[in-house]
Amino acid sequence: MLTKRIIPCLDVTNGRVVKGISFTDLRDAGDPVEQAAFYYEQEADELVFLDIGATPEGRKTMADVVERVSEQVFIPLTVGGGIHSVQDMRCILTAGADKVAINTAAVSNPELIAEGSERFGTQCMVVAIDARRVNSEPRWEILTHSGQKPTGIDALTWARKTVDLGAGELLLTSWDSDGHRAGYDLELTRAVSKAVTVPVIASGGAGNLEHLYEALVLGKADAVLAASIFHYRVYSIGEAKDYLAERGIPVRR
Amino acid sequence: MQMSQAKILMDKDNMIAIVDYGAGNLRSVANAITKLGCSPKVASNPRDVLDAYAVILPGVGAAQAAMDSLTESGMVNVVYELIREERPLFAVCIGLQVLFSDTEEGGGHRCLGVIPGVVRKLPLGLKIPHMGWNQVKQKFSHPIFEGIPDEANFYFVHSYYADPEDTSLVVGTTDYGVPICSILTKGNLIATQFHPEKSGEHGLKMYANFLKMALDRRQAQVRK
């Protein structure tokens, strides 16, 4: 049986891992290579690196980080942030990443999803979707530019479109929940997961282990991504897996 | 899990080639082999592949693109030669799929035909690609499983699966709606649908087992 994945996310800027409330108010949580090796030993199922600085220099630094991480970490690595072209994708994939996550660039140029998946395969095309609830209705619009720019585009419509274009996986972040540690947006996660045929990673809002469980069971997510609960050692990956396994969720042990 | 438990010692003049035909996560495979204490050669030239005594055929992406790249890079005959000589060969993911007769991918394409059988689309109803960690059920004991527990998890990412005519070649299966042939062997050929280079310590151990098999074969040849 396919297991549910637990994915620590490392937000990186200028080669350092950071995490803060809704991506501002950053706190330094360490060296990315060291962090990655730590999570690998803890049996994280995958790692996501998000370059939140996303400057051209930052991307080069990120490629260097990925290169060093991939020498000692033998689980899938996804890199997002500041990827705007097939060339950017190649740079990160060649450095040793297995998947690239694109967000703003995909919204402004959806063909990039098709180009990337044709060139490198759908298995390495992750589309990151940042979504925000519209007027407390069960309707969400997507945001770009690290949540700065509302687009008015319906999240479910966009999710289906990215899959048609060749996305192999969706990384879905609720902008309402992110950074608040009060749980994932389960309604959003479930709606997107049911709307598409590809795996969905739930992101944004994990504050305890029950939140992970809810996202997988009620939100029907295939994987859960979390940052601060792991970075600040609130829980270890092993504790998260024990908790989920006790509640009948298949996890890799 | 103990880190680097899979580390093995190889002789200095060992030659392990990773076939570079423009369709693969070469770096991940090279990193894994390097971690085991070996110095793999990433080989884009048929001669370098044929000089190696253990060869890894990686692959990600689409089967047809992989077939085209194998043809353009002159590696098709190299693969046939390796199979004919029973050179130790480890094929990964699309590397496994292209060894089959045909694939349903992209409307149907001919492949290398080394393993009679068809590569089929995964059944509808489950998420596609089959992406993540799943258990490999060991059907037989085999040196490739040395030190790896039955039902250990390996990392998969694929939308098509191989269905060999000769099911006796299948040494491990994985359940994803249908029983998938996740690892098969034929003489010195080992082929996996999962990615050992992305499967943590069990994956490294599997590569170590393969290299040990290749080394034993070579030492036996030297003694002759």
Side-chain angles (χ1 to χ4, degrees), chain A residues 1-7 37 40-47 66-77 93-99 116-126 163 166-170 193-194 196-201 220-223 238 241 250-253, chain B residues 1-4 6 22-36 59-63 65-66 93-94 122 124-135 137 149 151-159 174-177 180 195-205 207:
Chain A
M1 188 189 276
L2 182 64
T3 59
K4 299 288 185 180
R5 287 170 282 155
I6 312 293
I7 308 176
Y40 175 62
E41 278 176 67
Q42 285 200 352
E43 299 202 334
D45 296 316
E46 210 166 311
L47 291 175
V66 170
E67 211 165 287
R68 287 185 294 136
V69 169
S70 70
E71 282 167 11
Q72 40 182 313
V73 169
F74 298 97
I75 53 175
L77 307 173
L93 293 171
T94 313
D98 301 281
K99 313 181 211 179
S117 66
E118 271 159 35
R119 203 71 66 91
F120 309 110
T122 55
Q123 84 292 332
C124 65
M125 287 305 304
V126 180
V163 173
E169 187 170 48
L170 301 182
S193 191
K194 285 171 80 173
V196 298
T197 51
V198 301
V200 172
I201 305 171
K220 309 231 174 280
D222 301 283
K241 289 191 174 181
V251 289
R252 173 173 79 110
R253 308 298 285 279
Chain B
M1 213 188 300
Q2 280 223 318
M3 299 296 287
S4 303
N25 48 343
L26 301 172
R27 187 171 203 119
S28 302
V29 176
N31 284 339
I33 302 303
T34 305
K35 182 77 180 176
L36 298 173
V60 291
C93 192
I94 291 295
L122 283 167
L124 296 174
L126 293 167
K127 292 287 179 83
I128 293 178
H130 170 214
M131 185 186 280
W133 299 77
N134 204 335
Q135 301 86 53
K137 198 172 184 56
E151 307 251 351
N153 283 286
F154 287 86
Y155 188 80
F156 289 80
V157 51
H158 62 118
S159 303
T174 295
D175 179 42
Y176 194 64
I180 293 165
H195 290 271
E197 67 280 1
K198 288 290 150 186
S199 296
E201 298 295 312
H202 290 321
L204 292 178
K205 181 69 172 121
Y207 277 140

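Worth saying up front: this structure is predicted, and the values here are computed from it rather than measured. Every chain is numbered from 1 and lettered A, B, ... according to where its sequence line falls, protein lines coming before strand lines.
- Counting heavy-atom pairs under 4.5 Å between each of A/Val200, A/Asp45, A/Thr94 and chain B puts A/Asp45 at the top.
- A salt bridge between A/Glu67 and B/Arg27 is present, with a side-chain N of the basic residue lying under 4.0 Å from a carboxylate O of the acidic one.
- Taken from CZ in B/Phe154 to NE2 in B/His202, the straight-line distance is 6.5 Å, to the nearest 0.5 Å.
- Using a 4.0 Å cut-off between charged nitrogen and carboxylate oxygen, A/Asp222 and A/Arg5 do not count as a salt-bridge pair.
- Most heavy-atom pairs under 4.5 Å with chain A, from the set B/Gln135, B/Glu197, B/Met131: that is B/Met131.
- Within a 6.0 Å sphere centred on CZ of A/Arg119, other residues, nucleotides and ligands contribute 12 heavy atoms or fewer.
- The candidate with the highest count of non-hydrogen atom pairs below 4.5 Å against chain B, out of A/Ser70, A/Pro76, A/Gly121, is A/Pro76.
- Neither the backbone nor the side chain of B/His158 comes within contact range of chain A; no heavy atoms are under 4.5 Å apart.
- Between A/Lys99 and A/Glu169 there is a salt bridge, with a side-chain nitrogen of the basic residue lying less than 4.0 Å from a carboxylate oxygen of the acidic one.
- By the salt bridge (charged side-chain N to carboxylate O under 4.0 Å, His left out) test, A/Glu71 is found to be paired with no residue, residues two or more places apart in sequence or in another chain being considered.
- Proximity to chain B (any heavy atom under 4.5 Å) is restricted, for A/Ala95, to the backbone atoms N, CA, C and O.
- Counting heavy-atom pairs under 4.5 Å between each of B/Ala62, B/Pro196, B/Gly132 and chain A puts B/Gly132 at the top.
- Of the residues considered (B/Trp133, B/Phe156, B/Tyr155, B/Tyr176), B/Trp133 shows the highest number of contacts with chain A, using heavy-atom pairs under 4.5 Å.
- Interface remark: of the candidates A/Val196, A/Val163, A/Thr197, A/Thr197 forms the most heavy-atom pairs closer than 4.5 Å to chain B.
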